[in-house]
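Below, all heavy atoms of this structure are taken into account, side chains as well, without hydrogens, waters or symmetry copies.
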Amino acid sequence: MPEGPELHLASLYVNRMCDGVVFAGPVRKSEVSKNPDVPFTCEAYRITATSRGKEVKLTLTPIKSDDSKQTVKAGQADQPVDIVFHFGMSGYFRFTPEDELHKHAHLLFYSKEKPCRVLSFVDTRRFGSWHPNVSWQPNRGPCIMFEYKSFRENVLSHLSDRAFDGPICEVLLNQKYFNGIGNYLRAEILFRLNIPPFVQARTLLEGLESEDVFENERSTTGMKTSDKAKKKGGKPDLLRLCHTVPLEVVNLGGKVYDPETADYSGFETWLQCYSVDGMKSIQDHKGRTIWFKGHPGPMVPKGSRSPKAKKRSKKEEDNDYTDKKKVAQSCSETTIKKRIKQETVTKTPKNYKDPRPKEIGSKRGKTEKAGEVSTPQKEKKSTARRRKSSSAEPLEGSQRKSGRVTRQNSK
DNA sequence: CGTCCACGTCTAC
DNA sequence: TAGACCTGGACGG
């Protein structure tokens, strides 16, 4: 499940597993991979990792021998080499005994130990990639999690960029400005602020200050709120949530990224909107599914009918989302949570254990109306069958077959 | 069995 | 803004 948090957890995994491990020999690539060879071989080297947004960089560092003679044999590396990885839809790292290599391990780093172990880049779908001898992809913005200040500045200083013409849910996937946000994060972030996904991004962001008044807060247990923040109403803004929401996932730790136990139940419990039973979903202009609650917003793709106005419970203020101020302060998180719980339908069996390595949210039929035409169009929208007027028509109690494994707000 | 769907980029009409 | 790139799990018949 690779979005920013998973990439970062992957780097932590590599650093933890490879701490003290000496690797040796060449870096090997699977036969089937179309990614570049990694021209690196060394009799003793170490591996460390860092992450930035949706990229992970491995650094292979040759261990210098103590011998005064630093005779580097021909072909043996003596300088560190960086490899930058993109995880695609299914990439992750594993550190396993040589005889337990994953079927889809595509780049392999062998340890020097006797029962040899291997750090491998596993990527079932092979949408992932790696590039040796490069640094972070230049056209990607600062990391939403670990370069918050420059991330924020990068967005707010480029609001005139046409990239911000579009609806917020689609702009959030633009890695030039939101490096690390992916499909589940955009849904979770917008949900927290009750922001309709198809409101123009610029309109929402224009009102934000370049200085984050929450900057010095302990966001998690955020007991003390700065005076400035209090004046603002005490609510983190959209850009701040682009930072804190992903960090929540990082803090779930192994519950999210644990190739060993393959247990993602903690993560699924964390999700409040994405793939959650009771939420609405439609395809955005690029055919990606956006999950949300409430109004879709004015820039909703044509042909995807606006969802039936749910019988929004009492206090769903009818927001006028042309007014940024209003949007910025729409209903509080706690309010939302409460309301959601109320509307939640079925409950997840608490003993449910997700048999991982599978992709999240792949359970079916949560949103389509039973007999609705709901255009398929997977990643590649099948040619002629564009979403016709249908995909939207989300719930209304009826559908939402409370199938067994569907996600929902349990607890 | 077949269809739908998936946490993401890329490039080419 | 369509496809293309891939594999495989969940469902439906």
Side-chain angles (χ1 to χ4, degrees), chain A residues 1-10 30 32-35 53-56 84-92 102-106 122-131 137 139-140 144 166 170 172-176 178-189 245-246 249-250 252 256-257 262 264 267-268 270-271 273-276 281-291 301-303 352 354-368 370-387 390-391 401-407:
Chain A
M1 22 193 314
E3 294 182 23
E6 290 75 23
L7 279 274
H8 180 65
L9 288 164
S30 73
V32 66
S33 176
K34 293 172 182 168
N35 281 308
K54 241 180 265 183
E55 298 183 302
V56 166
V84 171
F85 290 79
H86 292 174
F87 281 17
M89 295 284 269
S90 57
Y92 60 95
H102 189 282
K103 176 183 173 186
H104 293 289
H106 294 302
V122 178
D123 184 10
T124 302
R125 296 182 68 182
R126 273 183 279 147
F127 291 173
S129 63
W130 61 77
H131 300 279
Q137 202 174 263
N139 49 334
R140 304 183 74 109
I144 50 165
E170 294 173 19
L172 284 176
L173 294 183
N174 186 337
Q175 303 299 298
K176 183 175 176 184
F178 297 90
N179 188 6
I181 302 292
N183 204 23
Y184 79 72
L185 283 172
R186 69 170 176 170
E188 296 299 317
I189 290 164
V245 172
V249 180
V250 169
L252 291 175
V256 182
Y257 191 87
Y264 280 63
F267 173 69
E268 301 209 330
W270 175 85
L271 290 172
C273 180
Y274 179 86
S275 193
V276 169
S281 72
I282 58 179
Q283 310 301 121
D284 67 17
H285 290 94
K286 296 207 176 90
R288 299 260 265 155
T289 301
I290 173 69
W291 290 84
K302 294 224 163 40
Y352 168 62
D354 190 28
R356 229 25 190 13
K358 84 180 179 231
E359 299 160 62
I360 61 172
S362 54
K363 342 341 161 115
R364 288 234 267 152
K366 272 179 290 270
T367 288
E368 293 73 18
E372 211 54 324
V373 213
S374 149
T375 313
Q377 87 186 34
K378 352 185 150 205
E379 279 127 16
K380 46 165 107 201
K381 8 212 110 210
S382 10
T383 329
R385 46 223 305 251
R386 280 273 30 174
R387 83 192 119 264
S390 65
S391 5
K401 47 184 76 200
S402 56
R404 27 165 138 308
V405 210
T406 50
R407 256 214 43 62

Shorter than 3.5 Å, N or O on both sides, protein versus nucleotides 10-13 of chain B: list them out with atom names.
unit_1	atom_1	unit_2	atom_2	d
B/dC10	OP1	A/His86	ND1	3.0

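Spacing of C1' atoms, B/dC10 relative to C/dG8, comes out at 23 Å, to the nearest Å. With P as the reference atom, C/dG13 and B/dC5 are 14 Å apart, rounded to whole Å. C/dC5 and B/dC13 have their P atoms separated by 13 Å, given to the nearest Å.
Regarding A/Lys54, its NZ atom lies at a distance of 4 Å from the P atom of B/dT9, rounded to whole Å. At whole-Å resolution of the value, CG in A/Leu173 and P in B/dA6 are 13 Å apart. One atom, CD of A/Gln283, and another, P of C/dG3, lie 15 Å apart when rounded to the nearest Å. Atom-to-atom, CG of A/Asn179 to P of B/dG8 comes out at 12 Å; the value is rounded to the nearest Å. Following rounding to the nearest Å, A/His104 (NE2) and B/dA6 (C1') show an atom-to-atom distance of 15 Å. When the P atom of B/dA6 is taken as reference, atom CG of A/Asp284 falls 11 Å away, rounded to whole Å. With rounding to whole Å, A/Lys176 atom NZ is found 15 Å from B/dT9 atom P. Between the P atom of B/dA6 and the CG atom of A/Asp123 lies a distance of 18 Å, rounded to the nearest Å.
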For this session: Please lay out, stage by stage, how A/Leu173 and A/Phe178 fare under the test side-chain contact (heavy atoms from CB on, under 4.5 Å).
Result: CA-CA 6 Å; A/Leu173 294 183; A/Phe178 297 90; over 6 Å; no
For this session: For side-chain contact (heavy atoms from CB on, under 4.5 Å), just list the numbers for A/Lys54 and A/Ile144, CA-CA rounded to whole Å, side-chain angles, deciding distance to a tenth of an Å, and then say yes or no.
Result: CA-CA 10 Å; A/Lys54 241 180 265 183; A/Ile144 50 165; over 6 Å; no
Problem set entry | Stepwise side-chain contact (heavy atoms from CB on, under 4.5 Å) test for A/Phe87 and A/Val56 | CA-CA 8 Å; A/Phe87 281 17; A/Val56 166; 4.0 Å; yes
For this session: Apply side-chain contact (heavy atoms from CB on, under 4.5 Å) to A/Thr289 and A/Ile282, showing your working.
Result: CA-CA 5 Å; A/Thr289 301; A/Ile282 58 179; over 6 Å; no
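Checking the phosphate oxygens (OP1, OP2) of C/dA2, no side-chain nitrogen or oxygen of A/His285 falls inside 4.0 Å. Note on A/Lys286: every side-chain N or O is 4.0 Å or more away from OP1 and OP2 of C/dA2. Contact check, A/Gln175 against B/dG8: no side-chain N or O comes under 4.0 Å of OP1 or OP2.
With the 3.5 Å cutoff on both pairing distances, Watson-Crick and G-U pairs in DNA chain B assemble into runs of at least 3 at B:1-6 with C:7-12, B:8-12 with C:1-5.
Comparing B/dA6, C/dT7, B/dT9 by their closest approach to the side chain of A/Arg126 singles out C/dT7. Which of B/dT9, B/dA6, B/dG8 sits closest to the side chain of A/Tyr274 comes down to B/dA6. The side chain of A/Phe127 lies closest to B/dG8, out of C/dG8, B/dT9, B/dG8. Relative to the side chain of A/Arg125, the nucleotides C/dG8, C/dT7, B/dG8 differ in distance, and C/dT7 lies closest. When distances run from any side-chain atom of A/Thr289 to the nucleotides B/dG8, B/dA6, B/dT9, the shortest one goes to B/dA6.
Of all heavy-atom pairs between A/Pro5 and A/Pro246, the closest is CG-O, 3.5 Å. Taking all atoms of both residues into account, the shortest heavy-atom contact from A/Arg125 to A/Ser90 is N-OG, 2.9 Å. Nearest heavy atom pair, residue A/Asn35 against residue A/Gly128, reads ND2-O, 3.3 Å.
Ring centroid separation for the pair A/Tyr274 and A/Phe267 does not come in under the 6.0 Å cut-off.
Checked by atom type, the side-chain pair A/His106/A/Ser33 shows no donor-acceptor distance below 3.5 Å.
You'll find the side chain of A/Lys176 stays beyond 4.5 Å of the side chain of A/Gln137, heavy atoms only.
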